[in-house]
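Data block below; observations after.
Given the structure is predicted, the values throughout are model-derived calculations rather than measurements. Below, chains carry the letters A, B, ... as their sequence lines are ordered, and counting in each starts from 1.
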Amino acid sequence: MSGPVPSPLYRRIYRWVRAVPRGQVVTYGQVGRAVGATPRIVGFAMGALDRGSDVPWHRVINRLGRISPRGGGEGRQKALLEAEGVAFDGAGRIDLSRFGWAGPNPFD
DNA sequence: TTGTTGACTCTGA
DNA sequence: CTCAGAGCCAACA
């Protein structure tokens, strides 16, 4: 049902991103390292997501703590993050040392 | 099959 | 801090 099935790598990316807790963010590079993909692939996978997917795509940002620009949609991502309690500074950046998620059980 | 593209990151200046 | 160039690899035509 529901359209084309994404590649195993994409599904691995989606599953990892889905584990990101509410109110926290991760970077493309971080996801890539975790699932064995390059940051570009992660961004590509996010762009391939459907609108009603359960993947918190808005919690994925670049290493600068900023929302990657693309034609309109950054405003919605920023609003979604703010709704979760993520704070932006005057330059529209997020403090990764504070809101960045270290990953699933980093001590394991 | 080849060539182009892209929601990135790294390094050097 | 910012800016520019190179590398990167899967998806798509």
- Query: What's the spacing between A/Leu96 CG and A/Gln24 CD if we round to 0.5 Å?
  - Reply: 11.0 Å

- Message: If hydrophobic clusters are built by linking Ile, Leu, Val, Met, Phe, Trp and Tyr wherever their side-chain heavy atoms come under 4.5 Å apart, do A/Trp101 and A/Val25 end up in the same one?
- Response: no

- Query: With nearest nucleotides of DNA chain B determined for A/Arg63 and A/Ala48 from heavy-atom distances, which residue corresponds to the more 5′ nucleotide?
  - Reply: A/Ala48

- Task: Using a cut-off of strictly less than 4.0 Å between a heavy atom of the residue and any atom of DNA chain C, enumerate the qualifying residues of residues 10-36 of chain A by number.
- Result: A/Tyr10

- Would you give the length of the straight line joining atom CH2 of A/Trp57 to atom OH of A/Tyr14, rounded to the nearest 0.5 angstrom? 13.0 Å

- Message: Less than 4.5 Å apart, side chain to side chain, heavy atoms only: is that true for A/Tyr28 and A/Ile41?
- Response: no

- Message: Need one value for A/Glu74: base, sugar-phosphate or nothing, where a base atom within 4.0 Å counts as base even if backbone is also close, heavy atoms only.
- Response: nothing

- Rounded distance in Å - CD1 (A/Ile41) to C1' (B/dT9): 13 Å

- Message: With salt bridge (Lys or Arg N to Asp or Glu O under 4.0 Å) as the rule and sequence neighbours excluded, what pairs involving residues 22-34 of chain A come up?
- Response: none

- Hydrophobic cluster identity match, A/Ile61 and A/Val42, side-chain contacts under 4.5 Å: no

Contacts table for residues 75-95 of chain A: side-chain donor-acceptor under 3.5 angstrom, sequence neighbours left out:
residue : atom : partner : partner atom : Å
A/Gln77 : NE2  : A/His58 : O            : 3.0
A/Gln77 : NE2  : A/Val60 : O            : 3.1
A/Lys78 : NZ   : A/Glu82 : OE2          : 2.9
A/Glu84 : OE1  : A/Gly23 : N            : 3.2
A/Glu84 : OE1  : A/Arg59 : NE           : 3.0
A/Glu84 : OE2  : A/His58 : NE2          : 2.9
A/Glu84 : OE2  : A/Arg59 : NE           : 3.2
A/Glu84 : OE2  : A/Arg59 : NH2          : 2.7
A/Asp89 : OD1  : A/Ala91 : N            : 3.0
A/Asp89 : OD1  : A/Gly92 : N            : 3.0
A/Asp89 : OD1  : A/Arg93 : N            : 2.6
A/Asp95 : OD1  : A/Ser97 : N            : 3.1
A/Asp95 : OD1  : A/Ser97 : OG           : 2.5
A/Asp95 : OD2  : A/Ser97 : OG           : 3.4

- Task: With DNA chain C as reference, determine whether A/Pro39 or A/Phe44 sits nearer its 5' end, using the nearest nucleotide of each.
- Result: A/Pro39

- Query: Can you say whether the rings of A/Phe44 and A/Tyr10 are parallel (under 30°), tilted (30 to 60°) or perpendicular (over 60°)?
  - Reply: perpendicular

- salt bridge (charged side-chain N to carboxylate O under 4.0 Å, His left out) against A/Arg18, all qualifying residues, sequence neighbours excluded: A/Asp54

- Note on the structure: When rounded to the nearest 0.5 Å, the distance separating CG of A/Asn62 from CD1 of A/Ile67 is 9.0 Å

- Nucleotide range of DNA chain C lying under 4.0 Å from chain A heavy atoms: C/dT2 to C/dA11

- Message: If you take any heavy atom closer than 4.0 Å to DNA chain B, which residues from residues 83-96 of chain A end up in contact?
- Response: none

